[in-house]
Amino acid sequence: MLDKKDHQYEKAVLVGVVTQNQDEKKLQEYMDELEFLAFTAGATVEKRFTQKLTQPDSKTFVGTGKAQEIKDYVTENGINTIIFDDELSPSQLKNLEKEIEVKILDRTNLILDIFAQRAQTSYARTQVELAQYQYLLPRLSKMWSHLDKQKGGIGMRGPGETEIETDRRIIRDRISLLKDKLKVIDKQMATQRNNRGKMVRVALVGYTNVGKSTLMNAISKSDVFAENKLFATLDTTVRKVVIGNLPFLLTDTVGFIRKLPTQLVESFKSTLDEVREADLLIHVVDISHEGFEDQVHSVNQTLEEIGANEKPMIMIFNKIDDFSYEKKAEDDLSPETNKNISLEEWKKTWMAKSKYPTVFISALTKENFPEMKKMIYDEVQKIHISRFPYNDFLFQYFEEEEAI
Ligand SMILES: Nc1nc2c(ncn2[C@@H]2O[C@H](COP(=O)(O)OP(=O)(O)OP(=O)(O)O)[C@@H](O)[C@H]2O)c(=O)[nH]1
Ligand SMILES: [Mg+2]
């Protein structure tokens, strides 16, 4: 999977903790996601360490015995980086670095680093830089100071690399400068959005890597970057789309993830405003992912956090071409997993339980596109009619065969 020729991959280990009543399977799912994040950032994962704890240790997050086990492995195997699935407090981070003496990152750090690598426009870069400084400020004192020789690589890109040792005052000044800069851009963006007029606005939302950009490209014939890594999209793309006779604006934007760092939610205000100000949300779900129901839950939670949870929505279950069904033998008493449920059963379950119009498609093979387009058309039309009540051209019927 990794192309070692092009990049210098760092050797990393992962550390995950669950409470006593969470199960092993969930933990492995979380670790799979963390490994994907690590891979996206540019690391190869050599080993996973996990522990069940009623409460994380206030000093070292994991227990002392586990910390020692990790230290031994890291020393023996020349590991550069330890990645924790949870956000460490500044003091836990300091204690662990003192104890183990390699670079330690947490999930937030990793996500911020990926965002820093991915940011293309100066707008996105400014947002990420602000989030990074906000993360850095409380963790500034002597962080990584003993690691001078290993500088660079994951978690060290952006402000971390050059200004780690500088005075907090300088960081604070930089934060307020970036905030001012963002305020100006936010205003410009708001004006831009206003200038788009009264056209119905539809936003693609969903967990990262579910296929939002692929779907955007398929519906709007645009060319948004899509790939099998997390957070391929940071910058927002807006396209005018016409389905049947009905024009509307379609927005593709940043994906969500479990435990999205709060610093990012704050600094991506304007990006998320696209979602907040949309008339209709298209929630894209990757049905081929074993944890897709958790992902739906995370997305709904984030929507609630940004105050966008009461909007009309369409649920699109994507990647049906990649859905694999493992029928369970009758004498198989192992617990049922998502994979033991057929696509037909999923359809029935979700259509019954979702209060939103729901459709199952493949953005790649375009399976069920006519059904999906009809659904989008109907929902957009409802909004359009309430906005332009005297526009009678709208009452023409949608023709499935029409080239869209
Ligand atoms: N098999 C299959 N793969 C798909 C489908 N739709 C998208 N993909 C793949 O899923 C990966 C992620 O697609 P993207 O469109 O980048 O996903 P995204 O939701 O925009 O992701 P972020 O921008 O990273 O949040 C790519 O490798 C796509 O080729 C589908 O219907 N079937
Ligand atoms: Mg994308």
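The structure presented is a predicted model; accordingly, all values stated were derived computationally and were not measured.
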Does a side chain donor of either [X] or [Y] reach within less than 3.5 Å of an acceptor in the other side chain?
X: Asn245; Y: Tyr377; value: yes
X: Asp72; Y: Gln68; value: yes
X: Tyr30; Y: Asp294; value: no
X: Glu24; Y: Gln28; value: yes

Phe268: which residues meet the ring pair (Phe, Tyr, Trp, His ring centres under 6.0 Å) condition with it, sequence neighbours left out? Phe115
List in chain and number order the residues that pass ring pair (Phe, Tyr, Trp, His ring centres under 6.0 Å) with Tyr207, two or more places apart in sequence or in another chain; answer none if no residue qualifies. none
For the student: nearest non-hydrogen atoms of Ala38 and Val45, plus distance: CB-CG2, 4.0 Å
In terms of heavy-atom contacts, Ile114 and Leu37 come closest through CD1-O, 3.3 Å
Identify, with sequence neighbours excluded, every residue that meets side chain to side chain contact (heavy atoms under 4.5 Å, CB included) alongside [X].
X: Pro261; value: Thr108, Ile111, Gln263, Leu264
X: Thr54; value: Gln20
X: Lys47; value: Val13, Phe49, Tyr73
X: Thr121; value: Tyr123, Ala124, Asp235

Under the rule for side-chain hydrogen bond (donor to acceptor under 3.5 Å, both in side chains), what residues qualify as partners of Thr365, not counting sequence neighbours? Ser362
Applying side-chain hydrogen bond (donor to acceptor under 3.5 Å, both in side chains) to Thr253 and not counting sequence neighbours gives Thr236
Listed once per pair and sorted, the ring pair (Phe, Tyr, Trp, His ring centres under 6.0 Å) pairs that draw on residues 178-200, sequence neighbours left out: none
Under the salt bridge (Lys or Arg N to Asp or Glu O under 4.0 Å) definition, can you give me all pairs with a residue in residues 48-61, not counting sequence neighbours? Asp32-Arg48, Glu35-Arg48
In short, salt bridge (Lys or Arg N to Asp or Glu O under 4.0 Å) pairs touching residues 354-370 with sequence neighbours left out are none
Dump the intermediate steps for ring-ring contact (aromatic ring centres under 6.0 Å, His included) on Tyr356 and Trp350, then the final yes or no. CA-CA 9 Å; Tyr356 304 109; Trp350 274 94; over 10 Å; no
Under the salt bridge (charged side-chain N to carboxylate O under 4.0 Å, His left out) test, residues paired with Lys198 that sit two or more places apart: none
Is it true that a side-chain atom of Lys259 and a backbone atom of Glu87 form a donor plus acceptor pair closer than 3.5 Å? no
